[in-house]
There are 2 protein chains.
Amino acid sequence: MPRPALASPDRILAAAAAEFAERGYAGARVDRIAKRARVNKAMIYYHFRSKQELYRTLLRQTFTHAGEQLQAIAALDLPAGDQVDLAISGLASFVRKHAFFPGIMLREIAEGGVHLDSRTLAALSTVPRAFSAIIENGIAQKQFRPVHPFAAYLSTLAPIVMYHAAGPIRRELASGPLAAASTLQSDAFVQHLQQTARRALARTHS
Amino acid sequence: MPRPALASPDRILAAAAAEFAERGYAGARVDRIAKRARVNKAMIYYHFRSKQELYRTLLRQTFTHAGEQLQAIAALDLPAGDQVDLAISGLASFVRKHAFFPGIMLREIAEGGVHLDSRTLAALSTVPRAFSAIIENGIAQKQFRPVHPFAAYLSTLAPIVMYHAAGPIRRELASGPLAAASTLQSDAFVQHLQQTARRALARTHS
DNA sequence: GTCTATACTTCGATAGAC
DNA sequence: GTCTATCGAAGTATAGAC
């Protein structure tokens with residue numbers, strides 16, 4: 001019998017990621033997670049205490065991972081504009097690698113964070129904190145005009161998450177009432193966001 | 001006995017809007033909608049056929065309303081830059097007036113539109129179509145540089161929806177690990193987005 | 001660690017009286 | 001149009017054998 005590629009708890013986490021992203025917390029079914037992970041349902045309650053604890057563990061891991069990636073970019077010895085470029089393309093590649101991230105992120109925002117405990121909230125906060133650090137540093141070094149760092153965070157990174165989460169609905173619209181939705185490729189959108197960020201943050205404006 | 005401010009079907013729709021926005025489609029409870037609307041649960045199944053039909057009716061109405069508002073802006077005899085300003089502030093006031101809209105929008109995007117029939121999808125598409133028309137018109141009149149209209153749509157209007165949907169979680173973060181999140185006011189963010197759009201769409205860039 | 005079987009709860013939806 | 005009562009399905013979670 002071939003060893004599974006991932007150990008049981010990791011397989012459960014991967015299956016939970018897909019299930020929670022597709023259906024949301026309330027819509028996710030523990031039975032389906034078990035089936036996707038090819039484990040018995042009782043194993044989920046053995047490794048994790050409950051559906052809620054499974055969900056929180058998954059989000060904590062993911063937010064921590066994303067935050068560390070942004071912090072690494074913020075620590076590079078580069079012009080702030082280049083750091084923003086890297087933050088944008090980095091988040092884009094992060095969501096390509098972790099396809100479940102946008103769905104879960106959007107849902108949890110809509111839920112108002114009701115499923116999150118303080119540890120998970122702290123993990124989540126590392127993402128806007130790291131991005132804000134880049135912006136504030138650029139302002140301090142007079143490479144950027146003064147903007148609210150959180151405004152820059154929302155207007156720059158929110159569209160990436162939205163773009164990827166909206167993939168399925170965009171494909172539905174493309175075959176119907178909104179053909180133009182299908183002509184926007186991921187790379188082109190990343191470039192658009194990088195250009196937009198450069199222009200939004202530039203100290204001079206024609 | 002005082003007449004209720006809204007007739008029964010409209011009270012049900014208003015209650016459903018709040019419930020679906022807070023809990024999502026799967027998380028919404030018909031019992032709770034009935035309680036919020038102060039009607040008997042059976043009345044919901046009498047006026048609407050099912051939970052799904054209630055949901056679709058609500059979304060169709062809301063998308064149609066939002067689309068019409070944007071189309072009215074697109075029809076104004078104004079410079080394209082001013083039309084974009086109005087589209088941004090108009091959507092911001094729309095979500096202030098319909099507080100349930102961002103939550104439902106984000107959730108339905110994350111769901112991949114699985115609950116939407118073709119009529120509801122058509123209603124949804126009027127929003128990006130109207131905004132794209134403004135952008136394309138501005139490009140044709142050489143007031144904007146050439147950009148992908150759908151990219152402009154996503155990067156301009158997505159942050160507004162995100163900002164308002166993220167209100168509760170932002171307040172949680174503000175009292176903990178991310179104090180800066182609380183200092184961004186709605187009006188200031190709208191202005192930031194208007195400036196960002198002006199700069200992103202300008203034909204010249206220093 | 002892994003399974004089967006099941007207790008307990010909640011939900012969407014309806015029947016039927018008024 | 002409005003109510004009470006309830007059915008049947010589906011869900012989370014656990015007990016207990018191996």
Side-chain angles (χ1 to χ4, degrees), chain A residues 1-59 103-104 107-108 110-111 114-117 120, chain B residues 1-59 103-104 107-108 110-111 114-117 120:
Chain A
M1 211 193 298
R3 262 290 170 93
L6 292 172
S8 186
D10 284 338
R11 280 218 315 286
I12 292 170
L13 279 172
E19 176 76 6
F20 283 125
E22 283 171 24
R23 316 258 185 172
Y25 183 81
R29 299 292 167 242
V30 178
D31 282 305
R32 265 199 299 262
I33 295 173
K35 199 174 181 179
R36 293 174 100 135
R38 301 188 312 281
V39 302
N40 189 281
K41 178 169 63 163
M43 289 306 298
I44 294 178
Y45 290 94
Y46 175 79
H47 285 295
F48 306 87
R49 274 168 30 88
S50 64
K51 179 183 179 180
Q52 186 182 65
E53 197 47 45
L54 170 62
Y55 182 76
R56 288 176 173 171
T57 303
L58 168 68
L59 262 60
I104 291 185
R107 289 173 191 281
E108 197 52 47
E111 304 264 330
V114 287
H115 305 114
L116 309 182
D117 54 2
T120 313
Chain B
M1 212 191 300
R3 262 289 170 97
L6 293 172
S8 186
D10 284 337
R11 277 217 318 282
I12 293 169
L13 279 173
E19 176 76 6
F20 282 126
E22 283 172 24
R23 316 258 186 172
Y25 183 81
R29 300 292 168 240
V30 179
D31 283 303
R32 264 199 299 261
I33 295 174
K35 199 172 181 181
R36 293 175 99 134
R38 299 188 313 280
V39 301
N40 190 280
K41 178 168 67 160
M43 288 306 298
I44 293 178
Y45 289 94
Y46 174 79
H47 285 295
F48 306 87
R49 273 168 30 88
S50 63
K51 178 183 178 180
Q52 187 182 66
E53 199 46 45
L54 170 61
Y55 182 74
R56 287 176 175 171
T57 303
L58 169 68
L59 261 61
I104 290 185
R107 288 173 193 280
E108 196 51 47
E111 305 264 327
V114 287
H115 305 113
L116 309 182
D117 54 3
T120 312

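Numbers restart at 1 for each chain; the letters A, B, ... are given by sequence-line order, proteins then strands.
- Looking at the side chain of A/Y45, the nearest of the listed nucleotides D/dT2, C/dA13, D/dT12 is D/dT12.
- In this structure, A/Y25 places its OH atom 15 Å from P of D/dG11, rounding to the nearest Å.
- Between B/Y25 and the options B/E108, B/R107, B/H115, a side chain to side chain contact (heavy atoms under 4.5 Å, CB included) holds for only B/H115.
- Phosphate proximity of D/dT4 to B/N40: present, with a side-chain N or O under 4.0 Å from OP1 or OP2.
- Counting to the nearest Å, the P atom of D/dA13 and the CZ atom of A/R49 are 10 Å from each other.
- Distance from the side chain of B/S50 is smallest to C/dA13 among D/dT12, C/dG1, C/dA13.
- No salt bridge links B/E19 with B/R29; every basic N to acidic carboxylate O contact stays at or beyond 4.0 Å.
- The line from CD1 of A/I33 to CZ of A/F48 is 10.0 Å long, rounded to the nearest 0.5 Å.
- When all heavy atoms of A/E22 and A/R36 are compared, the closest pair comes out as OE2-NH2, 2.9 Å.
- If you measure from atom CZ of B/F48 to atom C1' of D/dG1, you get 14 Å, rounded to the nearest angstrom.
- Here the side chain of A/K51 is nearest to one of C/dA15, D/dA13, D/dT2, namely D/dA13.
- Atom pair A/K41:NZ and C/dC3:C1' shows a separation of 13 Å (rounding to whole Å applied).
- Here the side chain of B/Y46 is nearest to one of C/dT2, D/dT2, D/dA15, namely D/dT2.
- Counting only heavy atoms from C-beta on, B/A42 has its side chain closest to C/dT14 among D/dT12, C/dT14, C/dT2.
- Proximity of B/R23 to B/R32: side-chain heavy atoms (C-beta onward) are separated by under 4.5 Å at one or more points.
- OP1 or OP2 of C/dG12 lies within a sub-4.0 Å distance of a side-chain N or O belonging to B/R29.
- A straight line from CD1 of A/I44 to C1' of C/dC3 spans 14 Å, rounded to a whole angstrom.
- No engagement by B/A26 is indicated, since no non-hydrogen atom pair under 4.0 Å with the nucleic acid exists.
- Going from atom CG of A/D31 over to atom P of C/dA5 covers 15 Å, rounded to whole Å.
- Protein atom CZ of A/R23 is 13 Å distant from nucleotide atom P of D/dA10, rounded to whole Å.
- Taking atom NE2 of A/H115 as the reference point, atom P of D/dT12 lies 12 Å away to the nearest angstrom.
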